[in-house]
There are 2 protein chains.
Amino acid sequence: MPIRVKDDEAAEVRALDLFTGLEDDDFAALMRGAYVQTFPPRIELASQGERSDFLHVVTGGAVEMFASWNGRETVMATLEPVSTFILAATICDAPYLMSARTLEKSRIVLVPSEDVRKIFDINADFARAVVTELGRSYRAVVKSTKNLKLRTSLERLANHLLQRYAMEGNPTAFELGQEKRHLASYLGMTPENLSRAIRQLEPYGVTFEGNIVTITNPEDLTNFAKPSPLIDDPWS
Amino acid sequence: MPIRVKDDEAAEVRALDLFTGLEDDDFAALMRGAYVQTFPPRIELASQGERSDFLHVVTGGAVEMFASWNGRETVMATLEPVSTFILAATICDAPYLMSARTLEKSRIVLVPSEDVRKIFDINADFARAVVTELGRSYRAVVKSTKNLKLRTSLERLANHLLQRYAMEGNPTAFELGQEKRHLASYLGMTPENLSRAIRQLEPYGVTFEGNIVTITNPEDLTNFAKPSPLIDDPWS
DNA sequence: CCGCACGCTTGATAAATATCAAGTCAACAC
DNA sequence: GTGTTGACTTGATATTTATCAAGCGTGCGG
């Protein structure tokens, strides 16, 4: 049963860069057609190859984007609230290249693709916001390709940990925030090799206790990881 | 010495999806500020980390996009006439994530980024075209990431050859069209391994004679490569 | 014509990464 | 408490990929 989007949740969605520039009534028009749904863990929200009916916004929980071919599967990204996905497929009216599944119980706002395209056509500000968002996504994937082609898996892990470390505000210890096997797939390695890679980072002051990561020597780790804004900076 | 863009070359540029929807005077405004330049081979046209001053259009020759980190380098894409590059950086007004160099003597039309952003702001049709182009680019990189993470280098080579084969209209023999070491880097492998991979494809009816590729048994090769539109189709 | 440079190939070896097979441990259902 | 499940780890091994070191062949400058 479709449930209309309540005002407080709509406000969260509205806070996204994609929607802040929108006139009140245009945004209201989008939300009128939209609805919210809560999904249990491990539900596939979209499958690669399908056509786009809705722009999705995660407002609670966590969603994993993944892709598969010939019986193999790989994690492409992990999304946390509040973020959108399948914007490109929605705008281009093309089949999904990735699938999406909930990792935990999640709330998703579903905005009809047709409405998005309609507002996009009549509202120049929204069009600009879409371009900015698409540009950001494009650049994110280019960075990820560079990461894959230019670095070994150990270097990718080291840089990923530094990225998480910075995102948490440089605490000595922080939560990994996802299962290791998902991280492994995201980094393009097997769970077994992630285990071994973690060991290999010990000399650089990295310790794992369950899902708690401790970084005792950020300088050493940085020295090894050699992070670059042109690969690792999530902004710009 | 800047050289204004002549009408016949402007017509080529105009034929790009990005510009076809543009009003005559808007397009003329873009071309007024633009200029053409011919570059010798191996000239670096843009370097990663720099800021974008021009949208580039290749109208002759060939250009290679590449990226580097920590002394390593990898080919990200090869562009042939007529195509644009660094659209995302231009629109987002952000630093280049990739560098570009000419592979051979090449003609490049340089359109000031500021002009592009100006037209983008006042012309909804152009904004839409930019979105389409960005969406296409985004999807192309996502496919490339899937290719890298889900396939072995041998599978990547097989699929690449099938793609080229299809692009040439399924001829028994066709030109590779680039140096093998560049192809190797593009496919994420070393030149040595490309040599060996070519040998490994012989049982599937693939033969190389210099830069001429012969495919005697497309079915067998397809059977091995298992191409998927969600990775290999350059359109959609 | 010679010699050199350079791209390509080949073989031997090394490093990176994946696979397979146990084994440990914690969470959870009963 | 007991048993089961599933994630994680570890070691042994195999596969994939890279590196190193020649050698081959073509094209080009002198």
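First the proteins, then the strands, lettered A, B, ... as listed; each starts at 1. The model shown is predicted, which means the values in this text are computed figures rather than measured ones.
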Checking B/Leu16, B/Leu79, B/Asp17 against B/Thr84 for side chain to side chain contact (heavy atoms under 4.5 Å, CB included), the one that qualifies is B/Leu16

Indicate whether OP1 or OP2 belonging to D/dT10 is found under 4.0 Å from a side-chain N or O atom of A/Arg199. yes

Would you say D/dT17 has OP1 or OP2 under 4.0 Å from some side-chain N or O of B/Asn193? no

Tell me which nucleotide among D/dC8, C/dC20, C/dG7 gets nearest to the side chain of A/Glu192. C/dC20

Rounded to whole angstroms, how far apart are CZ on A/Arg181 and C1' on D/dT5? 13 Å

If I take atom NZ in residue B/Lys149 and atom P in nucleotide C/dA18, what distance separates them, rounded to the nearest angstrom? 11 Å

Which part of the nucleic acid does B/Glu179 contact within heavy-atom distance under 4.0 Å: base, sugar-phosphate only, or nothing? sugar-phosphate

Answer with base, sugar-phosphate or nothing: what part of the nucleic acid does A/Arg72 contact at a heavy-atom distance below 4.0 Å? nothing

Under 4.0 Å: is that the gap between some side-chain N or O of B/Thr190 and OP1 or OP2 of D/dA18? yes

Rounded to the nearest Å, what distance is computed from the NZ atom of residue A/Lys180 to the C1' atom of nucleotide D/dG6? 14 Å

Could you check whether the rings of B/Phe174 and B/Tyr165 sit parallel, tilted or perpendicular, using 30° and 60° as the cut-offs? tilted

When rounded to whole Å, the CD to P distance for the pair B/Glu202 and C/dT9 reads 11 Å

If the plane angle is over 60° it's perpendicular, under 30° parallel, otherwise tilted; pick one for B/His56 and B/Tyr96. perpendicular

Give the rounded distance in Å between these two atoms: CD of A/Gln200 and C1' of D/dT9. 14 Å

OP1 or OP2 of C/dA16 sitting under 4.0 Å from any side-chain N/O of A/Thr152? no

Roughly how many Å is it from CE in A/Met189 to P in D/dT17, rounded to a whole number? 16 Å

B/Leu176, B/Leu103, B/Leu187, B/Thr78 screened by side chain to side chain contact (heavy atoms under 4.5 Å, CB included) with B/His182, the one that passes: B/Leu103

Nearest-nucleotide wise, let me know which of A/Ser153 and B/Phe208 is further upstream toward the 5' end of DNA chain C. B/Phe208

Could you state the CG-C1' distance from A/Asn211 to C/dA27, rounded to the nearest angstrom? 14 Å

Tell me if the side-chain of A/Arg196 makes a donor-acceptor pair with the base of C/dT19, cut-off 3.5 Å, by modelled atom types. yes

Please walk me through it: do A/Lys146 and B/Trp69 pass side chain to side chain contact (heavy atoms under 4.5 Å, CB included)? CA-CA 8 Å; A/Lys146 290 171 65 175; B/Trp69 175 79; over 6 Å; no

What is the distance, to the nearest angstrom, from the CG atom on B/Leu187 to the C1' atom on D/dT16? 16 Å

